[in-house]
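First the proteins, then the strands, lettered A, B, ... as listed; each starts at 1.
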Protein chains: 2
Amino acid sequence: MATRTDAPTRREQILKEAARLFAERGFHGVGVDEIGAAVGISGPGLYRHFPGKDAMLAELLVGISGQLLTGGKRRLAESDGNPGALLDSLIEGHIDFALDDRPLITLHDRELDRLRDSDRKLVRQLQRQYVELWVEVVREVYPELAEPAARSAVHSVFGLLNSTPHLGRPGALPGRAGTAELLHRMARGAFAAAAA
Amino acid sequence: MATRTDAPTRREQILKEAARLFAERGFHGVGVDEIGAAVGISGPGLYRHFPGKDAMLAELLVGISGQLLTGGKRRLAESDGNPGALLDSLIEGHIDFALDDRPLITLHDRELDRLRDSDRKLVRQLQRQYVELWVEVVREVYPELAEPAARSAVHSVFGLLNSTPHLGRPGALPGRAGTAELLHRMARGAFAAAAA
DNA sequence: CAGGGAGGTTAGCGCTCGTTAACCTGAAGG
DNA sequence: CCTTCAGGTTAACGAGCGCTAACCTCCCTG
């Protein structure tokens, strides 16, 4: 990913603050006035950048799902053919995302139902592709794992990795690197145990 | 747990349906008219049973946290001193709850912020006690695990076990027993890997 | 058999919130 | 220097929702 050095656009500011607020108090729990206030403009000014409140949520959720899938595909493409290393890479990518974008992770499985049908279908499709990518890799590493069990295991490991929002806010733990490593070990251990 | 044979009271019906609706569409996303309709009465009739919509959510969340903690304490009291068996018992109890009361599990970590301060504090306190109970048992089984890491591991395993709402709705997997066993193995494997 | 409470009903109030309308302003461009 | 337009502003509308008021109707009980 190219490192951004230029200042974020107003649109990006809005999306970031909206994500934070939606994660904190839920989509219906946040008013447009609050979102506006969070970026220094007031209420209806948002409508110069988005057609409506729903559109912000939609863009956030589609963006999340797309980013996860794109990252997964990139790691798959960069793989040297070692399934174990590829699974480690997928885990690492997911952990990075979960640790760096906690609000988005929270939204990801919490506000999907508030989307218009078309957007929801798109997000679901992206999510499914991401899961299937994992399932295939997991089954290469653990061939004795049947497909339904592998899919359940993947969903469960996502639950494990996505638990970061519930961890003490200011990394009261071993710090970011330590937390990442702990999560990584647990994910691997969970998969191994699933296949036992 | 004593098996209930008598019909559920109207109050219990309301709580059950409210839990389902809140889990599906969020607290703010559900109107009192819908909750009423779900139990065959209409809107304001609910106010014969609850002082308000907030009270329903509060009773649900306090009930969940209390049930989890009570169950955990009971298992602790019934333990024969074998920490490994006690941990298995805790895992089993949590899985039963996650599988049998999916909507409540969903609410548990999604709508806490909608509560009045006093209720939220109570729920948080119950949750904390439940976590600490697990942390102590985990550290007996894996003494090499430092306390912060153990607490993180417990939260992550909760995330793993609470992922059941994301699994295929009608147990498309190995069935309930198989799912429970898979989750159990993964939880154990995750703890073991955390301590490695 | 009167009376009262439990548990409903419908009408409607008041507030919040998403959205639109109308207007303003500063900076860029010919 | 005038125009244009991106990006704001405030006022206000309309819908939805939580909740209350007022009323109704069984059923139980003294």
Side-chain angles (χ1 to χ4, degrees), chain A residues 6-62 103 107 110-120, chain B residues 6-62 103 107 110-120:
Chain A
D6 47 341
T9 69
R10 175 58 36 110
R11 246 182 143 267
E12 290 167 331
Q13 287 181 46
I14 294 170
L15 283 176
K16 184 181 161 194
E17 294 303 311
R20 186 179 54 79
L21 289 167
F22 289 162
E24 280 174 9
R25 304 212 293 283
F27 180 68
H28 291 291
V30 179
V32 290
D33 289 354
E34 288 178 272
I35 303 174
V39 298
I41 71 182
S42 232
L46 297 172
Y47 287 76
R48 298 291 167 190
H49 305 275
F50 295 92
K53 193 185 167 195
D54 300 358
M56 302 179 206
L57 181 64
E59 186 158 332
L60 283 171
L61 292 184
V62 173
L107 283 185
R110 190 173 292 198
E111 306 284 357
L112 184 57
D113 314 315
R114 274 54 141 190
L115 259 49
R116 288 176 18 229
D117 273 21
S118 61
D119 290 322
R120 188 171 53 245
Chain B
D6 46 341
T9 70
R10 175 58 37 106
R11 246 182 143 266
E12 289 167 332
Q13 286 180 46
I14 293 171
L15 283 176
K16 184 180 162 194
E17 294 304 310
R20 185 178 55 79
L21 290 168
F22 289 161
E24 281 173 10
R25 303 212 293 284
F27 180 67
H28 292 291
V30 179
V32 289
D33 288 356
E34 289 178 271
I35 303 174
V39 297
I41 71 182
S42 232
L46 297 171
Y47 288 77
R48 299 290 167 188
H49 303 274
F50 296 91
K53 194 185 164 194
D54 300 359
M56 300 179 208
L57 181 64
E59 186 158 332
L60 283 171
L61 292 184
V62 173
L107 283 185
R110 188 173 293 198
E111 306 285 357
L112 186 57
D113 314 314
R114 274 53 140 191
L115 259 50
R116 288 174 21 227
D117 274 21
S118 61
D119 289 323
R120 188 171 54 247

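Using a 4.0 Å heavy-atom cutoff across all strands shown, B/Val39 reaches no nucleic acid atom at all. Nucleic acid contact class of B/Gly31 (heavy atoms, under 4.0 Å, all strands): sugar-phosphate only.
OP1 and OP2 of D/dA6 both lie 4.0 Å or more from every side-chain N or O belonging to A/Arg10.
In this structure, A/Arg120 and A/Asp117 approach most closely via the heavy-atom pair NH2-OD1, 2.6 Å. Counting all heavy atoms, side chain and backbone alike, B/Asp33 lies closest to B/Gly43 at OD1-CA, 3.2 Å.
Comparing the axis of the opening five pairs of the helix from C/dC1-D/dG30 to C/dG30-D/dC1 with that of the closing five pairs yields an angle of 0°, rounded to 10°.
The outermost nucleotides of DNA chain C lying under 4.0 Å from heavy atoms of chain B, listed 5' to 3', are C/dG7 to C/dA11.
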task: Please assess B/Leu61 against B/Asp119 for the test side chain to side chain contact (heavy atoms under 4.5 Å, CB included), listing each intermediate value before the final yes or no.
output: CA-CA 9 Å; B/Leu61 292 184; B/Asp119 289 323; over 6 Å; no
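Protein atom CD1 of A/Ile41 is 16 Å distant from nucleotide atom P of D/dA6, rounded to whole Å. The interatomic distance linking A/Gln13 (CD) with D/dG7 (P) rounds to 12 Å, in whole Å. Atom CG of B/Leu21 and atom C1' of D/dC17 are 15 Å apart (whole Å). When rounded to the nearest whole Å, the span between NE2 of A/His28 and C1' of D/dA15 equals 14 Å.
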Distance-only donor-acceptor pairs under 3.5 Å for side chains of residues 51-59 of chain B, two or more places apart:
from	atom 1	to	atom 2	distance (Å)
B/Lys53	NZ	B/Phe27	O	2.8
B/Lys53	NZ	B/Val30	O	2.8
B/Glu59	OE1	B/Arg11	NH2	3.0
B/Glu59	OE2	B/Arg11	NH1	2.8

List the atom pairs, donor and acceptor, that lie under 3.5 Å between side-chain atoms in residues 13-24 of chain A and the rest of the protein, sequence neighbours left out.
from	atom 1	to	atom 2	distance (Å)
A/Glu17	OE1	A/Arg20	NE	3.2
A/Glu17	OE1	A/Arg20	NH2	2.7
A/Arg20	NH1	A/Glu24	OE2	3.4

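Listed by residue number, the members of residues 47-55 of chain A with any heavy atom below 4.0 angstrom from DNA chain C are A/Tyr47, A/Arg48, A/Gly52, A/Lys53.
Contact of the B/Arg10 side chain with the B/Ile41 side chain is registered, since non-hydrogen atoms from C-beta on lie closer than 4.5 Å.
Note that the CZ atom of B/Arg110 and the CD atom of A/Glu111 stand 7.5 Å from one another [nearest 0.5 Å].
Each ring pair (Phe, Tyr, Trp, His ring centres under 6.0 Å) pair with one or both residues in residues 28-48 of chain B, not counting sequence neighbours, would appear here, but there are none.
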